[in-house]
Structures are given as structure tokens and as C-alpha cells.
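Every chain is numbered from 1, with letters handed out A, B, ... down the list of sequences.
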Amino acid sequence: MPIRLYNSLTRTLVDLQPREPGHVTMYHCGPTVYSSPHIGNFRSFLFADVLRRFVEDQGCRVTQVMNVTDVGHLTLDDIEAGEDKMEAAARKAGVTAWDVAKRYEDEFHDCQRKLHVRLPHHMPRATEFIAQMGGIIDDLLQKGVAYQRNGNVYFEVARFPGYGKLSGKVLDELEAGARVAVNEEKKDPRDFALWKVDPKHQMQWDAPFRDGVRGFPGWHIECSAMSMHYLGPQIDIHTGGEDNMFPHHECEIAQTEAHTGVPFVGVWLHARHLLVDGTKMSKSLGNFFTVEDVLKKGYTGLELRYALIRVQYRQSLNFTLKGLDEARAAIGRVQQCRQRLARIRDGAEPAGAGDLAPDVAAANAAFTAAMSDDLNVSEALAAVFDFVGVANKAQPTAAGATAALAAFARFDDVLGCFGPEPKADAGADAPAELIALLPARDAAKKAKDWATADAIRQQVAAAGWKIVDTPQGARLEKA
RNA sequence: GGUCCCGUAGCCAAGUGGUUAGGCAACGGAUUGCAAAUCCGUCUACCCCAGUUCGAUUCUGGGCGGGACCUCCA
């Protein structure tokens, strides 16, 4: 079944057709490492992760590149002062911009691990691709689509007819009242910087192109350089947050295609921003959460991951604490089901005669269909939960249970939000002294000595576990 | 001002021109010595107004409400 995706460039659903059959190349606009990653960032990154996992699930090899932007961009407040976000963060913390970048890059990777992200094959830093950026700038200058003024290099938008095709921005209607800083150097206000010169800037490099002046790269050029380096001039998929569409991706297209002369990206995908409590997340509203903020509240990475992927990427997702509680309950329902199946498979619980094969096939088909439909995770989850209901009602054979478990393993391989298969004996990891209590509990129950039975239950509960009574005797589960 | 998205039961959220999505919560029941989990049942909705239609939540137009982008932003 082909994977249908919504191409932002054409605003249509298209079948994913990799340039090289069986191999999909993806580039994702990654984090700018000047502050702690927040849940909004990770909605986008988890979307990219789920996309990669599903493409792999469908039998394609994937090569995935995500950049780390460790060169700062101008802040709104500090534009006048010529200070960028990383340098502002560095100044406030009393360290260098390089220190800031390192610290937050580490934090980003830590969050990736905690949210069970399958790591991209390459995660290059912008600062390590200055030479490659220079090569493109040099070429654009030679081709006459870029020009230099006082050392600053600008891309001349008027020389690239396709400018605006992604974002739909009409060239001569970019609102005069908008935040377009007046810049006398530019031939046209829409022209964007490829290289900037500012002696006050901490991060500086000798110009990596002919007749250039020492400075630092513009914001957009890094993605062109890095994607081209790893994936060649044409890539299958490029993702980012919806805010990246303009100007960032528009500029990427312009400079890359002006340089290579061929279409840059097969399918552009943009993730919708999430809302928190129904409104835009912002520090001033007090509804701003970093990944770490959420984990500190006691939620697991899986729970946060579930909450962030459960809505299709093109819909705005309303993130709430209640949603995290729902995620916890939903994951628990799946894991409970898997554990029972594991017990049946391992003979810890009597098997029945049910052959789940048709149900497994139906669930897999429904899941695939949902995910193939522009990554409709909500519908895919519905397929998973429909199957939970079927499995819970069934009395499967050991083979049937095994097949069902394989289906769940597959669902988790794609979504990554349920966790590993629970052990058949969930109490195996319990402290030995608790396990030792179980025979006494069974004996007490048999003797109808409820006082002793309850005392044992309480003792176990105090240690963070719980007793589950079954026809096969009592067993332990993590509370 | 320009461009674009959305409005589904208590909450989250799919989907469809006519046949109860799903999750969470709540309530009732089965099961259990008591529990947990599970199962059964209840709650069965599509912002408002027009239009098209045999029939609209689904299409069209208008309104109201929320949100996004218009060179900080995932």
C-alpha cells in the first residue's frame, strides 16, 4: 500500500515515491540549541520519528538527517543590538555561545532518548559545515543570483522565479507594515542573508567563499549545505514545523535550486503547532512546558510521547495534563492486554482454542491503512484498541497469543509509545521477600482467613506492589 | 490588511451525503471474600443561519468563535 502524504508545496495528497526505489531520504529541520527543548519542538520531532518508523515498517530503507543549529539567529528584542539568541543566552548565563550550544545540544539528545526517538543517521552541526555553505554561496555569487554589500551576502529573490511557491506568499504583497526591517543594503526587502558580517558576533569564520569578509552564515544556508552533503541535491522528504514554511523553507528552496538547477524536495511536510490548554504555548501565559518539566511531574517518556503523537501531525494538538493521564491509562490498557497474552503463550495461564489469525490480519491491515493515510495516528490507535478489545475477549491458543503479541510489537515498533512487551511474570522482578509471601496468601485464602490475606495484601502494597488473585494462585504486579 | 486551518458527545479525537470510530472519565451490571484487570450495558454528538438534496454533521454561501503564518519560533 502506498504511503500517502500531504505535500505542502502542491497542497495535495501524494503517494510517496522515493527517487531510489526502496530507499527514502529525509531531512528534518532540527533544534536551535539556545534553550531547553519544549514539548512543541518535540511534537515536530516525534512526527518525523513516527514517519521514519512507518516508512521502515513498510519495507523501505531510510536515511535520515537532522541538523543541529548551533549558530544563533537574531532575536526580536536584540535585533537593534545585533545580538542573536545564542549570544543573548550566553551573555545572560555568563558563558560563551559555544558553551550554550553544547549544553542545549546535550539536553536535546537526552530528550530524544527519553522520548524513545530512533536516532537519525546523521545529526550534523551547522558550525561544522561552514565550508560547504561557502561553496554554495560562492556558486550563487558566480551565478549572479547573490550579491555582496559591505561583506554581507544576500540572495536576490527577484532572480528566482519560484520564490513564494511553498508558502504562497505573493512577492509584491509582503505587507509593508510587517516586521520587515528596513535595510538599505538590500536591493529588495525580501532578499535574505547568506552571509553576515558583524565584528561583535562571538561566532565568526573567515569567509569560505571568494572575496568574502570574515563573518557568520545566514540562517537558511545551513540546511541546504547539510542536506546536500548527506543526501545529494534532491531529497524525498523534508519536514519541519509549520512556522518554518516561511521564510526558512522558502529560502532553502530558492538557494538550493538556484545552486543545483533541479527540484530540491519531493514532499514537503509541515507539522502543526500544538496548543496548551487550548491556546498558544508561551512563557508569559504560564503554559509553557519543556520536556523536562513534564517528566519532573512524574510522567514517563512513553506517556509524553503518546500524548504528543496521538493526533495527526497536520491537526493542532491540544496538550493538557489531563491528556497525559489519559495517555497513561491508554498505555496501561495495551500493556495489560499484552501481559495476559504473554502469560497464555508461556503457559502461565490456560490457553483456549481461539485462533486469532484473522483478527491479527485485520488489525494489521487497519493499522497500515490508517498510517498510510497521511499518518493518521488517531485512526491507527483506534485500530490498536479495537484489537485490544478483540484480544481481551478471546481465549487464544498459545500460537494465537504469539501472533497477537507480534502485532502489538509491530504497532509499538511504528508508534513507539507502548513500550516493550511486558513479562509474562510481572512479579518476577519483585523483591524476594514479597514473592515469599505469596504461598502464605494462597494458604490464608484457602483457609478463608481474610484477616491474614488482607494483611499480606497491605504489606505488599506498602512495598509498591500489588497482589492479583487468579485461579492459578496469587501473583504480583507493580502497583 | 493579506494568506491559511479548525469548530464532533463530560474531556481528547477519527470519520462519513443515509449503516453506533477509538481512548479517557462517569454510572449500572457480571466476575472477585475484598481488590486489580477484564467483559456487558448506559451516556450516541457533529457551532449558528440559509441553500443544494429524497436526505447534510459530511457539499455550497454567510455568520460567530478559536488558531496559524506574513523574516524569533517546531
Result for salt bridge (Lys or Arg N to Asp or Glu O under 4.0 Å) between A:Arg310 and one of A:Glu303, A:Glu379, A:Glu326 points to A:Glu326
A:Asn392 side-chain proximity, nearest of B:C34, B:U71, B:U38: B:U38
Base B:G67 paired with A:Arg314 side chain (donor-acceptor, <3.5 Å): no
Could you tell me whether the side chains of A:Thr256 and A:Ser224 share a donor-acceptor contact shorter than 3.5 Å? yes
Would you kindly say whether A:Arg340 and A:Gln336 are connected by a side-chain donor-acceptor distance under 3.5 Å? no
Just the rounded figure in Å: distance from P of B:A37 to CZ of A:Arg457. 12 Å
Quantified in whole Å, what is the C1' atom distance between nucleotide B:U19 and nucleotide B:C4? 35 Å
If you measure from the P atom in B:U60 to the same atom in B:G67, how many Å do you get, rounded? 24 Å
Under a 3.5 Å cut-off for both distances, is B:C34 Watson-Crick or wobble paired, and to whom? none
In whole angstroms, how far is the C1' atom of B:A36 from the CD atom of A:Gln339? 11 Å
Between A:Thr368 and A:Arg410: side-chain donor-acceptor atoms closer than 3.5 Å: yes
If you measure from the C1' atom in B:G51 to the same atom in B:A45, how many Å do you get, rounded? 24 Å
Could you work out the separation of B:C59 and B:C46 based on their P atoms and round it to a whole Å? 16 Å
A:Lys165 atom NZ: more than 12 heavy-atom contacts under 6.0 Å: yes
Please evaluate the base of B:G15 for a donor-acceptor partner in the side chain of A:Asn376 within a cut-off of under 3.5 Å? no
Does the structure show a Watson-Crick or G-U wobble partner for B:C59, both distances under 3.5 Å? Name it, or say none. B:G51
Between A:Met281 and A:Glu379, name the one whose nearest nucleotide on RNA chain B is closer to the 5' end. A:Glu379
With both distances under 3.5 angstrom, what nucleotide forms a Watson-Crick or G-U wobble pair with B:C72? none
Quickly work out the A:Leu321 CG to B:A25 P distance and round it to whole Å. 16 Å
Taking pairing as Watson-Crick or G-U wobble with both contacts under 3.5 Å, can you name the mate of B:U44, or confirm there isn't one? none
Pairing partner (Watson-Crick or G-U wobble, both distances under 3.5 angstrom) of B:C64: B:G7
Which whole number of Å gives the distance between the C1' atom of B:G62 and that of B:U52? 15 Å
Only one of A:Phe418, A:Phe367, A:Phe54, A:Phe385 clears ring-ring contact (aromatic ring centres under 6.0 Å, His included) with A:Phe411; which? A:Phe367
Taking CG from A:Leu324 and C1' from B:C12, how many angstroms apart are they, rounded to a whole number? 12 Å
Please confirm whether any donor atom in the side chain of A:Asp469 sits under 3.5 Å from an acceptor in the base of B:C34, or the reverse. yes
Grab the CG-C1' distance between A:Asn318 and B:A14 for me, whole Å please. 16 Å
Please report the distance separating the C1' of B:C12 from the corresponding atom of B:C64, rounded so that it comes out in whole Å. 24 Å
Between atom NE2 in A:His248 and atom P in B:C69, what is the gap in whole Å? 16 Å
Same-atom distance (P) from B:C70 to B:G15, integer angstrom: 28 Å
Expressed as a whole number of angstroms, how long is the span from A:Ile309:CD1 to B:A14:C1'? 15 Å
Atom-to-atom span, CG of A:Asp243 to P of B:U3 - whole angstrom: 21 Å
Between B:A36 and B:C43, how far apart are the C1' atoms? Round to whole Å, please. 25 Å
